[in-house]
Amino acid sequence: MNVFRLKSNANSTTSVASEQKVVDNGPVTNIPILTPQADYTPIPPPALDESQQKVYDRLKEYIHSIILPESHEYYASEKGFVTEGTLKRYLRARKYNYEASKTMLQNTIEWRRSYRPDELDPDYIKPEAETGKMYYDGFDKCGRPVWIMRPRLQASKDYERQIKNVVYCLERGIRLMPDKVENIAIIVDFRDSSISHNPSVATCKKFLDILSNHYPERLGIAFVVKSPWFFFTTFKLISPFMDPVTKAKIKFVIDEEKRTKEDDKGLKNEWVHLRDYISPSMLECEYGGEYNFKYDLETYWSALLEKTGNPYKVIEYH
C-alpha cells in the first residue's frame, strides 16, 4: 500500500477526480436488517462418530450433574445454555478431549453464573453504542448475522464497559441466529481509521480470550476491510494467541476502489470479495451492496431490543 504516491501534475489529479462516479443508492434507511433472507444455506456441524458420541454422552452426564437446582434464579438461563449444540461446540474446540472439554465448559458455566452475560443491562451498555462502532445489520449467505465493527468510531474510555459491550453484542448476535445457524460473520471496517483508533493489544487479547474460551465455534467468518499498516502490526502481535482454526477464518477484503489487494505484509490469510459471501440485498452500500443504511442509535437500539429481548430474553442455545 503506497500511501506516499505522488501525482505528476495538476492535470492528472483533475483526471482522477473526473473519473469519480457519483452513485445514487436510493433512499437512506435507519432500519437495520435483523431477519435473515429466506434462502440462506446453513453450514451444518460435522456429525459425531462413535468414539466422539461416547465422549459427548460422558460430558453431558457430567454437566447435568453440576447444573443449578431448579429453585435457583439463574436455573432457566443455565439450562438453556447447556444444550446439545453448546456441548458439541466445546468438544470441537478441544478436539473431543474429554478432560479439556469438561474443564473449558465448566469454566464457562462458572463465569456465566457470576458475569451473567445474557443479563447485561441495555441501559448500561447503550453509551457504548452511541457512535455506531459495533452493530448488526444483515446476514450472510449461510444465515449468519453480520456484526459490523468500525474502529474509527471508538470514543469510549471505560475499559470495563467496552469489554461488556463485546459480550453483550455476542449474546445479542446469538439471539439473532436463525434455525440451524450457530455462528456469526464479522466485518471489521478500518476505513478512515488512524493508529489512535487501533484497539490495544491488551483489549484484543481480552476479546480473543472471551471469544475462544466462552464462545467457542461462534465465529463463522471475519472480513477485514481497508486494513491499514498498523492493523498488520497488531495482528502479528496477537496471532500467537489465536487458535489456528480461528485465524484461518479471517479474510482480507480486496479493495474494490483500487481493484487490487492491499499490501498483506507477508500474511497468509485469504483475500476475498464481500459479495461472494453476502448477498447485495443484505450488504450495505458502503461495502458494495445495495442496502443504503445509515446508523441511528435510537432506531437501531429499539429494533435490536425488540428482536433480542428487552431487557433480555432467556433462550435455548442452538
Rounded to the nearest 0.5 Å, what separates atom [atom1] in [X] from atom [atom2] in [Y]?
| X | Y | atom1 | atom2 | result |
| --- | --- | --- | --- | --- |
| L59 | R94 | CG | CZ | 12.5 Å |
| E284 | I278 | CD | CD1 | 9.5 Å |
| R175 | D118 | CZ | CG | 5.5 Å |
| M134 | I186 | CE | CD1 | 8.5 Å |

Under 4.0 Å between a side-chain nitrogen and a carboxylate oxygen: does that hold for [X] and [Y]?
| X | Y | answer |
| --- | --- | --- |
| E298 | K126 | yes |
| D189 | K226 | no |
| E182 | R89 | yes |
| R113 | E78 | yes |
| K60 | E84 | no |

Output field: ring centroids F293/Y300 closer than 6.0 Å: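 They do not qualify: ring centres at least 6.0 Å apart.
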Ring centers of W301, Y168 separated by less than 6.0 Å: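 Yes, close enough.
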With a 3.5 Å distance limit and no angle check, can you tell me whether [X] reaches the backbone of [Y] through a side-chain donor-acceptor pair?
| X | Y | value |
| --- | --- | --- |
| Q52 | D49 | yes |
| K133 | M149 | no |
| E290 | N25 | no |
| T299 | D296 | no |
| R275 | Y287 | no |
| T29 | I31 | yes |
| S279 | D140 | no |
| H318 | G85 | no |
| N165 | R161 | no |
| N30 | K294 | yes |

Please determine if [X] forms a cation-pi arrangement with [Y], meaning its NZ or CZ atom is less than 6.0 Å from the six-membered ring centre and no more than 45° off the ring axis.
| X | Y | value |
| --- | --- | --- |
| R144 | F139 | no |
| K141 | Y277 | no |
| R152 | F190 | no |
| R116 | Y74 | yes |

I'd like to check [X] versus [Y] (side-chain heavy atoms, cut-off strictly below 4.5 Å). Are they in contact?
| X | Y | result |
| --- | --- | --- |
| V253 | V224 | no |
| K88 | R92 | yes |
| E217 | Y90 | no |

Side-chain donor-acceptor pair present, [X], [Y], cut-off under 3.5 Å:
| X | Y | answer |
| --- | --- | --- |
| S156 | D158 | no |
| T83 | E316 | no |
| E171 | Y215 | yes |
| Q53 | D57 | yes |

Working for side-chain contact (heavy atoms from CB on, under 4.5 Å), residues E286 and R191: CA-CA 10 Å; E286 188 170 359; R191 188 188 309 269; 3.2 Å; yes
CA sep, side-chain torsions, deciding dist, call: V188, I148, side-chain contact (heavy atoms from CB on, under 4.5 Å): CA-CA 6 Å; V188 185; I148 298 175; over 6 Å; no
Heavy-atom count around [X] [atom1] within 6.0 Å, excluding the residue itself: above 12?
| X | atom1 | result |
| --- | --- | --- |
| K251 | NZ | yes |
| E99 | CD | yes |
| Y312 | OH | no |
| I67 | CD1 | yes |

Smallest separation among heavy atoms of K307 and T35, with atom names: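 Result for this residue pair: NZ-OG1, 3.1 Å.
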